[in-house]
Amino acid sequence: MNLYNDEIFSLAPSRSMEFIAKAKLMQKSDPSVISLAGGEPDFATPSPICEEAVKWLRAGYTHYTICPGLPELRVGIAEKLKRDNNCNYDPDGIIVAPGGKFAIYLAIRSLVNKGDEVMYLEPGWVSYPAIIQASGATPVPVRLSQVDSFKLTREKLESAVTPNTKILIVNYPNNPTGKCLSQGELDDLVAFLEAHPQVLLMSDEIYERIVFTGSSNLSPASIPQIASRVITINGFSKATAMTGWRCGYLATTPEIAKVIYRLYQHTISCVSGFIQKAAVVALGCTEEIEQMRKRFEARRDLFINGMNSIPGVSAEMPEGAFYAWVKFDWNSMNSEEVCNLILEKARVVGVPGIAYGTDEPYVRFSFAESDEILAETVRRIKEVSPVK
Ligand code: GLU
């Protein structure tokens, strides 16, 4: 008998978590180390949200809530999804989880069986394949390429689908490429789903409030002919700078939500009541969200223009999220070699592209940091560039 569960034992560590931890450790002995590894806004959580949490804590609202989310929060989320994303979800189909990541796990774990395949985009966030694997299913990457700016096409989806495909995960605005879903890509996605009625779509929209295109994020669940097959993932971490609070959600049909709640009851029981009360207030913080979005946009311009001024370095302007997906044509070095060099010589921490499934020499940097730190990063990397 094996000592450990095979699926869990063979999981690769989360490279983003690994690099965030490594950078924090290095900063203890050398505070000049710059960490652009983790995707986490440097802004404080807006004070009305903190005040609300403290109010409920003081009032003793510290016990089990015994529900998939407080009714007022589930109704608020359904209203938000209608208002901002044009999606019609019943509050009974909303489940509040400790972070978007756990909402993804709950949904996938509740839906797949052994032998099922789950497609996800590559380059893509580090945890999708791990969560699929931990749920006993098989991760199947849909490879997008820099040659056509990481465009999602029907052809690419068709090349990865099989009769065993159960779920397709998409993530827009995208981590790490910064791409938003275009109307043409959404049309292809809809046509693909119509041709494969057994496939559910998971749309991870955790960065949907951080968009720089001048128009809103497109949500697949706004398309009536596929809406009932779309599980939308979102949360409070990125838009309202609440990463450490752990509060996210999924939206689906009440039937699917009922099944997911079975696993929920046996694992997390509930999300802290005072955090959920604060999340209700976060839904109304539109002005604060817009202020942060504007700051991210200015930082994006500063950082991407700076990186493009370094010999052998190139990056496209991200359309959303707060990641720079930067290519280093540095004497055929691979992404880990580039990361090691800039870590050792420039004391800057980024995450190597290989963590997101690409063999190309990309490094992902989070630009959710101050102008000074971003300008200093560019200066240091320029200084150590082996290409002059
Ligand atoms: N999602 C963020 C990132 O990609 C936080 C870390 C994680 O969840 O992997 O950096």
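Indexing begins at 1, ligand by ligand and atom by atom, following the structure's order.
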Report task. Around atom 9 (O) of ligand 1, find the nearest protein heavy atom and jot down its residue, atom name and distance. Result -> Ser16 OG, 2.6 Å
Query raised in the report: Who's the nearest protein heavy-atom neighbour of atom 2 (C) of ligand 1, and how far?
Result: Lys238 NZ, 3.3 Å
Report task. Using distance alone, determine whether Ser127 and ligand 1 share an N or O pair under 3.5 Å. Result -> no
Requested in this report: Looking only at distances, please establish whether an N/O atom of ligand 1 is found under 3.5 Å from an N/O atom of Gly39.
Outcome: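 The answer is yes, given that Gly39 and ligand 1 share an N or O pair closer than 3.5 Å.
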Query raised in the report: Among the heavy atoms of Arg15, does any lie under 4.0 Å from an atom of ligand 1?
Result: no
Check this for me, if you would: do [X] and [Y] make a salt bridge, where the nitrogen-to-carboxylate-oxygen distance has to be below 4.0 angstrom?
X: Glu376; Y: Arg379; result: yes
X: Lys156; Y: Glu185; result: no
X: Lys151; Y: Asp188; result: no

Report task. Could you verify whether a donor N or O on one side chain and an acceptor N or O on the other, from Glu205 and Ser203, lie under 3.5 Å apart? Result -> yes
Report task. Consider only side-chain N and O atoms of Gln183 and Asp187, and report whether a donor and an acceptor are under 3.5 Å apart. Result ->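 The answer is yes; a qualifying pair exists.
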**Report entry** Passing option when Glu297 is tested against Lys294, Arg299, Arg293 for salt bridge (charged side-chain N to carboxylate O under 4.0 Å, His left out)
**Finding:** Arg293
Report task. Would you kindly specify which portion of Asn175 sits under 4.0 Å from ligand 1, judged on non-hydrogen atoms: side chain, backbone, both or neither? Result -> side chain
Query raised in the report: Where's the contact between Glu40 and ligand 1, heavy-atom distance under 4.0 Å: side chain, backbone, both or neither?
Result: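 It is neither; nothing of Glu40 touches ligand 1.
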Within ligand 1, which atoms have a heavy atom of [X] less than 4.0 Å away?
X: Lys101; answer: 7 (C), 8 (O), 9 (O)
X: Met17; answer: 6 (C), 7 (C), 8 (O)
X: Tyr323; answer: 2 (C), 3 (C), 4 (O), 10 (O)

Requested in this report: Could you check whether the rings of Tyr362 and Trp325 sit parallel, tilted or perpendicular, using 30° and 60° as the cut-offs?
Outcome: parallel
